[in-house]
Amino acid sequence: MTDVLISASELADLLKTEPCVVIDTRNPDAYGAGHLPNAVNVHDIFTFLATSTPEGISELKSKFADAFGAAGLSGKETAVVYEQSMNSGFGQSCRGYYLLTMLGYPKVKVLHGGFDAWAAAGLPVTKDVPTPVKASFPIVPEAGDILIDAKTMLAAVGKPGIAILDVRDVDEWIGDSSSPYGKDFCPRKGRIPGAVWLEWYRMMKPTGEGPRFKSKDEILAECATVGISQTTPVYLYCFKGARASNTFLALKNAGVKDVRMYFGSWNEWSRDPSLPIEQGLPIAADVTTKAA
């Protein structure tokens with residue numbers, strides 16, 4: 001696949017040569033303090049909590065098709081999504097990329113390094129708010145295969161060959177906290193049974209200019225530590241599909257062929273007492289499994 005990530009200088013060139021719609025995923029205050037020229041603010045990309053019932057998925061698709069259409073995306077333009085930096089918004093620009101891809105949008109780029117990279121390159125920043133021309137946003141139904149629901153995730157539990165990949169922060173993985181919104185935001189703490197863990201930060205590395213994604217081979221090396229190769233089907237989850245979107249982009253760029261996301265993630269799974277969870281330290285859970 002072509003690289004989804006675009007550098008600030010590459011984006012500056014692209015904006016001169018191709019029709020683009022630039023989408024700022026940050027909160028309205030950050031956007032108001034200065035943004036890329038003509039960027040449209042769509043903070044819902046980050047905040048919206050989805051459920052994976054048929055009604056919930058239908059609402060997710062119609063809500064964002066409307067939002068992206070209102071921003072001016074008709075299918076002809078390249079959608080460019082950005083956040084403040086790659087690690088300050090829990091993967092929110094990548095969540096925009098995931099939502100656009102899930103809806104079937106043909107051309108999507110994520111600004112690598114975010115607004116910070118653009119500003120550091122001395123490129124123009126404005127406070128002017130554009131008035132985009134509303135477009136009819138096309139949904140491609142079959143593109144939605146990259147979104148899986150709770151039933152599909154439950155069916156994958158204990159199924160050899162499918163990697164359930166948890167990319168949450170360590171306190172959530174070990175069952176100490178239920179979410180980034182507070183330890184007890186959700187009724188249950190723990191993991192989906194049988195999940196392997198790669199903290200989402202591990203897809204990136206520090207540079208003098210802030211965090212940047214690792215190379216394809218570095219990402220594949222990280223995946224290999226939990227038994228994932230380019231041919232392993234991967235079902236991702238986090239808390240609400242933002243950090244997992246960052247990993248989704250990394251894995252797709254690294255050539256992992258079948259990557260899907262349980263977008264309802266822990267926020268939904270933990271609230272349904274009929275769905276199984278593993279609690280406590282994963283190390284202890286592994287030992288008891290082997291002993292049994």
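- Not counting sequence neighbours, Trp269 has no partner by the side chain to side chain donor-acceptor pair (under 3.5 Å) test.
- Under the 30°/60° scheme for interplanar angles, the aromatic rings of His112 and Phe213 are found to be tilted.
- Legend: residues meeting ring pair (Phe, Tyr, Trp, His ring centres under 6.0 Å) with Tyr98, ordered by chain and number and at least two apart, are Phe248, Phe263.
- Scored by the ring pair (Phe, Tyr, Trp, His ring centres under 6.0 Å) test, Tyr31 finds His35 as partners (sequence neighbours excluded).
- Here the side chains of Leu251 and Val234 are in contact, with some heavy-atom distance below 4.5 Å.
- When side chains are defined from C-beta on, Glu77 counts as touching Tyr105, because their heavy atoms get closer than 4.5 Å.
- The two residues Pro276 and Leu154 make their nearest non-hydrogen contact at CD-CD1, 3.5 Å.
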- Item | Trp266/Glu172 under side-chain contact (heavy atoms from CB on, under 4.5 Å): CA gap, chis, key distance, verdict | CA-CA 10 Å; Trp266 192 252; Glu172 294 161 85; over 6 Å; no
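- Scanning for salt bridge (Lys or Arg N to Asp or Glu O under 4.0 Å) contacts around Lys61 gives an empty result, with sequence neighbours left out.
- The hydrophobic clustering, which links ILVMFWY residues whose side-chain heavy atoms are closer than 4.5 Å, places Ile23 and Tyr97 together.
- The ring pair (Phe, Tyr, Trp, His ring centres under 6.0 Å) check on Phe115 picks up nothing, with sequence neighbours excluded.
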- Given Met204 and Lys214, is the side-chain contact (heavy atoms from CB on, under 4.5 Å) satisfied, shown in steps? CA-CA 5 Å; Met204 299 180 289; Lys214 290 178 175 174; 5.6 Å; no
Quick one: side chains of residues 123-132, donor-acceptor pairs under 3.5 Å with protein atoms, not counting sequence neighbours, listed by atom name and distance.
unit_1	atom_1	unit_2	atom_2	d
Thr126	OG1	Asp128	N	2.9
Thr126	OG1	Asp128	OD2	3.4

